[in-house]
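One structure is given below, encoded as structure tokens.
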Amino acid sequence: GTKTVSSSYSIDPSTVLTRTNTGNSTALITYGTSSRVIEMSLQCWYDNYTVNTSGQKVYTLKSAADLFELKELIEIGDIASTIGHEHLLHTGTGIASDDFEGAIVKLGANITIESGQTLAMIGNATNYFKGTFDGNGYAIINANFISDSTGRVGLFGYIPETSTIENLIFSGDTSITIPNTVGGDVYASLVCAINDGTITNCANGSIVKITNNSSTANVIFGAIVGKNNAGKTVSGCYNMQLIKANNESMNISGIIGKNL
């Protein structure tokens with residue numbers, strides 16, 4: 001086999017390749033004592049951003065792997081070494097963490113979560129997304145969520161005042177599971193567990209099934225937001241489908257679980 005560097009040039013597959021960006025469509029590939037500048041379509045969404053007329057970086061996600069990379073970049077950085085991709089994405093040291101403040105991250109395709117795959121929540125208690133996430137009218141299909149140990153469920157665990165989530169759709173069948181190790185208030189949602197930012201024009205068109213396996217968890221669910229903090233904006237959002245739960249003790253709402 002070979003590692004193809006261009007359509008007309010290849011090298012031994014055991015050779016270590018190092019890429020250095022030289023522009024938006026070219027890269028310097030170093031292999032052993034040789035090097036070659038090549039035309040290439042950058043495969044990593046983080047490298048292949050555009051800049052809009054307002055000067056904002058715009059990143060485009062097209063897969064569940066891209067969503068997971070977004071989570072890793074926000075929480076710990078270094079997606080090259082953490083995830084082990086071999087796309088010629090980055091230098092060997094990977095890249096620093098990024099909270100995307102002032103940037104736009106948008107979907108460029110519908111994303112289907114495969115059977116048995118869990119959609120990891122983006123952001124933790126100390127590191128979270130600070131930019132704009134634009135669903136761009138695309139859908140996340142067949143999402144499968146499991147509550148983290150802090151009792152948060154959703155694509156985003158928390159967004160601050162600088163963040164906006166907009167134009168995002170969920171469709172297909174969505175599953176939410178609360179493990180028996182989680183107790184206390186559990187803020188569950190599809191879009192965002194706890195909101196301190198702005199959420200607009202988001203919709204749930206999926207049938208949601210919530211399974212609470214904990215006898216000590218107080219599940220508070222809203223299809224768009226689990227808990228909306230005082231004075232924060234949720235507008236133009238709606239739920240179009242059934243929400244099913246395995247017991248009647250849960251607090252379930254179509255849009256916002258708890259509005260302070």
Side-chain angles (χ1 to χ4, degrees), residues 45 49-62 64 66-67 70-71 73-74 98-111 113 119-124 127-143 145 152-172 174 176 187-208 220-243 251-260:
W45 61 267
Y49 63 83
T50 60
V51 178
N52 66 17
T53 55
S54 299
Q56 295 172 290
K57 290 182 179 179
V58 181
Y59 302 89
T60 302
L61 312 182
K62 295 183 178 180
D66 291 348
L67 287 171
L70 176 63
K71 167 188 171 67
L73 276 170
I74 291 168
D98 193 339
D99 60 20
F100 295 88
E101 185 168 5
I104 298 171
V105 177
K106 68 177 184 177
L107 295 187
N110 293 327
I111 295 177
I113 308 304
L119 187 57
M121 187 174 68
I122 298 169
N124 55 31
N127 301 292
Y128 33 79
F129 182 76
K130 296 181 180 180
T132 294
F133 187 90
D134 184 359
N136 203 22
Y138 290 108
I140 296 177
I141 303 167
N142 297 338
F145 295 104
R152 299 182 185 187
V153 181
L155 180 61
F156 291 87
Y158 169 79
I159 61 168
E161 291 184 359
T162 58
S163 292
T164 296
I165 303 173
E166 59 189 11
N167 309 318
L168 179 61
I169 301 167
F170 283 82
S171 65
T174 297
I176 293 174
Y187 294 106
S189 181
L190 308 187
V191 177
C192 181
I194 301 175
N195 178 43
D196 261 327
T198 299
I199 299 176
T200 62
N201 301 324
C202 294
N204 174 44
S206 68
I207 296 175
V208 180
I220 301 165
F221 174 85
I224 306 302
V225 179
K227 181 171 78 168
N228 191 52
N229 285 329
K232 307 310 174 184
T233 300
V234 178
S235 64
C237 298
Y238 52 95
N239 174 63
M240 302 179 291
Q241 271 293 359
L242 295 174
I243 300 168
N251 300 294
I252 293 176
S253 171
I255 306 295
I256 300 172
K258 185 175 183 178
N259 196 29
L260 300 182

Practice problem: May I ask you to test the V208-F145 pair for a side-chain heavy-atom distance under 4.5 Å? | Solution: no
Quiz item: Heavy atoms, side chains only, cut-off 4.5 Å: are K106 and V58 in contact?
Solution: yes
Exercise. Might you point out which heavy atoms bring Y187 and K258 nearest each other, and give the distance in Å?
Key: OH-NZ, 3.7 Å
Name each donor-acceptor pair under 3.5 Å that joins a side chain in residues 165-172 to protein atoms two or more places apart or in another chain, with its distance.
| unit_1 | atom_1 | unit_2 | atom_2 | d |
| --- | --- | --- | --- | --- |
| N167 | ND2 | D134 | OD1 | 3.0 |

Quiz item: Say you draw a straight line from CG of L107 to CG of L67; how long is it, rounded to the nearest 0.5 Å?
Solution: 6.5 Å
Quiz item: Between the main-chain N or O of G154 and the side-chain N or O of S189, is there a donor-acceptor pair closer than 3.5 Å?
Solution: no
Exercise. Please tell me if the side chains of L70 and Y59 come closer than 4.5 Å, counting only heavy atoms from C-beta onward.
Key: no
Exercise. Locate the shortest heavy-atom distance separating P160 from K130; write the atom from each residue and the value.
Key: CG-CG, 4.0 Å
Quiz item: In Å and rounded to the nearest 0.5 Å, what is the NZ to CD1 distance from K57 to I104?
Solution: 13.0 Å
Quiz item: Taking the side chain from D99 and the backbone from E101, do they hold a donor-acceptor pair closer than 3.5 Å?
Solution: yes
Quiz item: If every non-hydrogen atom of A64 is compared with every non-hydrogen atom of I113, which pair is closest and at what distance?
Solution: CB-CD1, 3.9 Å
Quiz item: Say you draw a straight line from CZ of F100 to CD1 of I74; how long is it, rounded to the nearest 0.5 Å?
Solution: 6.0 Å
Self-check item: Derivation of the side-chain contact (heavy atoms from CB on, under 4.5 Å) call for L155 and I122
Solution: CA-CA 6 Å; L155 180 61; I122 298 169; 4.0 Å; yes
Exercise. Sort out for me which residue in D196, N195, N124, N127 forms a side chain to side chain donor-acceptor pair (under 3.5 Å) with Y158.
Key: D196
Self-check item: Heavy-atom closest pair, residues C237 and V234
Solution: SG-CG1, 4.0 Å
Quiz item: Which value, rounded to the nearest 0.5 Å, describes the distance between K62 atom NZ and N110 atom CG?
Solution: 12.0 Å
Practice problem: Report the distance from atom OH of Y238 to atom CD1 of I224, rounding to the nearest 0.5 Å. | Solution: 9.0 Å
Exercise. Taking the side chain as every heavy atom from C-beta outward, state whether L190 and S206 have any atom pair closer than 4.5 Å.
Key: yes
Self-check item: Min side-chain heavy-atom separation L260-K227 under 4.5 Å
Solution: yes
Practice problem: Measure the OG1-OH distance between T162 and Y128 for me, rounded to the nearest 0.5 Å. | Solution: 8.0 Å
Quiz item: In terms of heavy-atom contacts, does CD of E161 have more than 12 from other residues, nucleotides or ligands at under 6.0 Å?
Solution: no
Quiz item: Taking side chain as C-beta onward, heavy atoms only, is T60 less than 4.5 Å from W45?
Solution: no
Quiz item: What are the two closest non-hydrogen atoms of K71 and A120, and how far apart are they?
Solution: CD-CB, 3.4 Å
Exercise. Measure across A223 and G254 and return the closest heavy-atom pair with its distance rounded to 0.1 Å.
Key: CB-O, 2.9 Å
